[in-house]
Amino acid sequence: MALDRTGASRMERTPRGPQPLYAPGADLPELAWEACPGKGVDYPKLYLDHYGRLPDSWLVGNIVATRTGYAADPAIRAVGASGGVTTAVLIHLLESGRIDGAIVVRQGVPTPLDASAVIATSRDEIIAAAQSVYIPVSVLDILPRLEPGKRYAVTLVPEQAAALRRLQASGHPQAQQIEYVLGPYTGTALYPAAIDNFLRSHGVRKDDPVTSLEWRAGEWPGYLEIRTKSGKVLRSKKVYYNFLIPFFVTRASLQSMDFANEFCDLSVGDAWSPKFEAEGGGHSVVVTRSAKMEAVIAEMVAAGQLALEPEDNLKATEMHGHMIDFKKRGGHIRNSWRRSWGRAAPDYGMRPEHVPASRKAVELAISGLFVIGGTGLARGVLRMIPERVIGPVFNKLRLSWKNLSKPTKRKGLADFKMIVDERE
Ligand SMILES: Cc1cc2nc3c(=O)[nH]c(=O)nc-3n(C[C@H](O)[C@H](O)[C@H](O)COP(=O)(O)OP(=O)(O)OC[C@H]3O[C@@H](n4cnc5c(N)ncnc54)[C@H](O)[C@@H]3O)c2cc1C
């Protein structure tokens, strides 16, 4: 939308997330097609254009350093989704004069159930946008609003980060005002309709509007907290509200082949490990991918602003093996199945060297669940089951399935490689 020369097209909010609404006579350059996440950015070409080489790791991309830890300021750590590192780094970039503003995603704008990209120009505004937003948010359509001559940081999910790098590599002027790209490791996002379903299943009536929503409130890993005008407070542990995923997972989550946000200067995820989970407090895995971001992180560690310990790049992938496989092999299988049924699917210009038949069988079960879960009937049934029943039951089923499918999903991941498609 940001590229429409008429400036009249826009993104429209829908129960399935933001959708492009092209104005009559919209005038889009060829670059809009090249950077389109739905069409699929050519990843191998972008690795070469942006990093000058193909990835060192086909699982998590090019890495300068991997660390685990959290923001040293306890207030920032507590407000963050995992360890508050993203928020702390954005504040440091602003306060050290490296940027004039941070483009962040904030839940509650313009209404409690919506989320939008906003430009934060103060510490307080950056803190107000902390936490993860698990519904899709269009961010790059903010580019035309950037002030000429000013420099920005931005937080983006993987398909947006790749699109931005495509624009930057092609010399797009506003894209080049973005000095630092930060972003979460991204597994799955939910369609906004998930929240409506959640509210109805908790007996919240349509005439009792939501006044606030937090996706990761409280102690890490946090809970979904929704407050309504009548004073109702709904809380659901993060591990419980995962049951919404099979019913409302976004198509973009299923089609992306990038979990670790490979085109960010700084990628941050939850550091899932028995050690950190037992310790309590938020913990993040923190990956730098550019020399200039590595310098910022080293400076912050030296100044005691970040409590981070070095971690081995490959060993760190063990914390997220399940999701990496979900994207790298699962994403490829799902996209090729869609194409073989004549449906549109993104083409990233690469494919796994080998996908065992057993992995395809596992995918049949996963995708079958998503297809059934996405029907109106299944969502209707879900509304009738109390969360105190479905939350723990789904969590048990999820963990059993994870253990059962683990050998298949991890097999071949250590020496995983992509083949780059030949282009004319
Ligand atoms: C949709 C989604 C799925 C995720 N899936 C996983 C997963 O499977 N495994 C995992 O380990 N981690 C996942 N994460 C990352 C995790 O939830 C934290 O965001 C990450 O660990 C950063 O934590 P932090 O404490 O540094 O972030 P904070 O300090 O809380 O800062 C987060 C920053 O990201 C911005 N932001 C929040 N949501 C979005 C969004 N949707 N788009 C762009 N910017 C946003 C906020 O404005 C804020 O500036 C996911 C995040 C998202 C948004």
Side-chain angles (χ1 to χ4, degrees), residues 34-37 39-67 85-86 89 132 139-140 153-170 175 178 180-189 252-271 284-294 297 311-332 335 346-353 413-414 416-421:
E34 280 177 44
C36 172
K39 173 239 151 205
V41 169
D42 186 329
Y43 262 59
K45 183 168 185 307
L46 194 58
Y47 289 127
L48 295 174
D49 288 348
H50 183 66
Y51 290 109
R53 63 185 196 282
L54 290 174
D56 306 328
S57 157
W58 285 105
L59 296 179
V60 284
N62 284 313
I63 292 179
V64 177
T66 304
R67 299 175 174 88
V85 171
T86 312
V89 172
S132 302
V139 178
L140 294 177
V154 68
T155 60
L156 296 171
V157 293
E159 58 272 21
Q160 296 167 339
L164 177 75
R165 294 305 193 194
R166 183 72 273 145
L167 299 185
Q168 288 182 326
S170 309
I178 311 278
Y180 297 92
V181 182
L182 293 81
Y185 278 21
T186 308
T188 49
S253 308
L254 298 176
Q255 294 186 336
S256 168
M257 287 175 70
D258 181 352
F259 169 68
N261 224 332
E262 299 178 28
F263 287 101
C264 285
D265 295 293
L266 187 74
S267 313
V268 184
D270 285 283
S284 303
V285 53
V286 181
V287 167
T288 55
R289 303 187 187 277
S290 65
K292 71 177 179 182
M293 181 53 84
E294 176 57 25
I297 298 297
E311 178 60 275
D312 177 71
N313 294 345
L314 191 62
K315 189 152 189 319
T317 63
E318 289 170 16
M319 285 188 250
H320 302 96
H322 191 74
M323 256 309 159
I324 292 173
D325 166 78
F326 181 80
K327 297 285 177 177
K328 292 291 173 185
R329 293 198 289 213
H332 166 75
N335 289 339
D347 176 0
Y348 299 108
M350 59 186 187
R351 65 203 136 91
E353 189 180 50
L413 219 50
F416 178 81
K417 284 190 189 60
M418 289 281 185
I419 294 174
V420 176
D421 291 340

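Keep in mind that what you see is a predicted model, and the values were worked out from it rather than measured.
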Counting C-beta onward and ignoring hydrogens, is there a side-chain heavy-atom pair between Trp58 and Glu353 closer than 4.5 Å?
no
For the side chain of Lys327 and the backbone of Ser253, is there at least one donor-acceptor N/O pair under 3.5 Å apart?
yes
Which class fits the ring pair His50 and Phe263: parallel under 30°, tilted 30 to 60°, perpendicular over 60°?
perpendicular
Is His320 reaching over with its side chain to a backbone N or O of Asp270, donor-acceptor style, under 3.5 angstrom?
yes
Steps toward side chain to side chain contact (heavy atoms under 4.5 Å, CB included) verdict (Tyr185, Val287)
CA-CA 10 Å; Tyr185 278 21; Val287 167; 3.3 Å; yes
Can you tell me how far the OG1 atom of Thr288 sits from the CD1 atom of Ile63, to the nearest 0.5 Å?
8.0 Å
Side chain proximity check, Thr66 to Lys315, heavy atoms < 4.5 angstrom
no
In plain terms, say whether Asp265 and Arg165 are close enough for a salt bridge, that is, a side-chain N and a carboxylate O under 4.0 Å apart.
yes
Val64 versus Ser290, closest heavy-atom pair with distance
CG2-N, 3.6 Å
Return the minimal non-hydrogen interatomic distance between Val285 and Ala271, and the atom names on each side.
N-CB, 3.8 Å
Atom of Ala153, atom of Leu182 and distance for their closest heavy-atom approach
CB-CD1, 4.2 Å
Within the structure provided, determine whether Leu140 and Leu156 are in side-chain contact (heavy-atom separation under 4.5 Å).
yes
Would you say Asn335's side chain and Asp347's backbone share a donor-acceptor pair under 3.5 angstrom?
no
Nearest 0.5 Å, please: how far is CG in Asp312 from CD in Glu318?
8.5 Å
Which heavy-atom pair separates Leu46 from Ala162 by the least distance, and what is that distance?
CD2-O, 3.4 Å
Is there a side-chain contact between Arg351 and Asp421 in this structure, where contact means two heavy atoms from C-beta onward sitting under 4.5 Å apart?
yes
If you apply the rule side chain to side chain contact (heavy atoms under 4.5 Å, CB included), what do you find for Asn313 with Val60, and how did you get there?
CA-CA 9 Å; Asn313 294 345; Val60 284; 5.9 Å; no
Determine whether Tyr43 and Asp258 satisfy the following criterion, side chain to side chain contact (heavy atoms under 4.5 Å, CB included), listing intermediate values before the conclusion.
CA-CA 10 Å; Tyr43 262 59; Asp258 181 352; 2.9 Å; yes
Taking all heavy atoms of Pro44 and all of Val420, pick out the closest pair and write down the distance.
CB-CG1, 3.7 Å
Check Arg166 with Asp42, please: is the shortest side-chain N to carboxylate O separation under 4.0 Å?
no
Is a side-chain donor or acceptor of Ser267 paired with a backbone partner of Ala260 at a separation under 3.5 angstrom?
yes
Do Leu266 and Val89 have side chains that get closer than 4.5 Å, going by heavy atoms?
yes
Does the Arg289 side chain pair with the main chain of Tyr51, one donor and one acceptor, at a distance under 3.5 Å?
no
Atom pair CG (Asp56) and CG (Leu314), whose distance is rounded to the nearest 0.5 Å:
12.0 Å
Is any side-chain heavy atom of Thr188 closer than 4.5 Å to a side-chain heavy atom of Phe326?
yes
Do Val286 and Glu311 have side chains that get closer than 4.5 Å, going by heavy atoms?
no
Here the gap from Thr317 atom OG1 to Met323 atom CE, rounded to the nearest 0.5 Å, amounts to 15.0 Å
Do Lys328 and Met418 have side chains that get closer than 4.5 Å, going by heavy atoms?
yes
Short question: side chain of Gln168, backbone of Ile178 - any donor-acceptor pair under 3.5 Å?
yes
What is the minimum heavy-atom distance between Pro55 and Tyr47, and which atoms define it?
CD-CD1, 3.4 Å
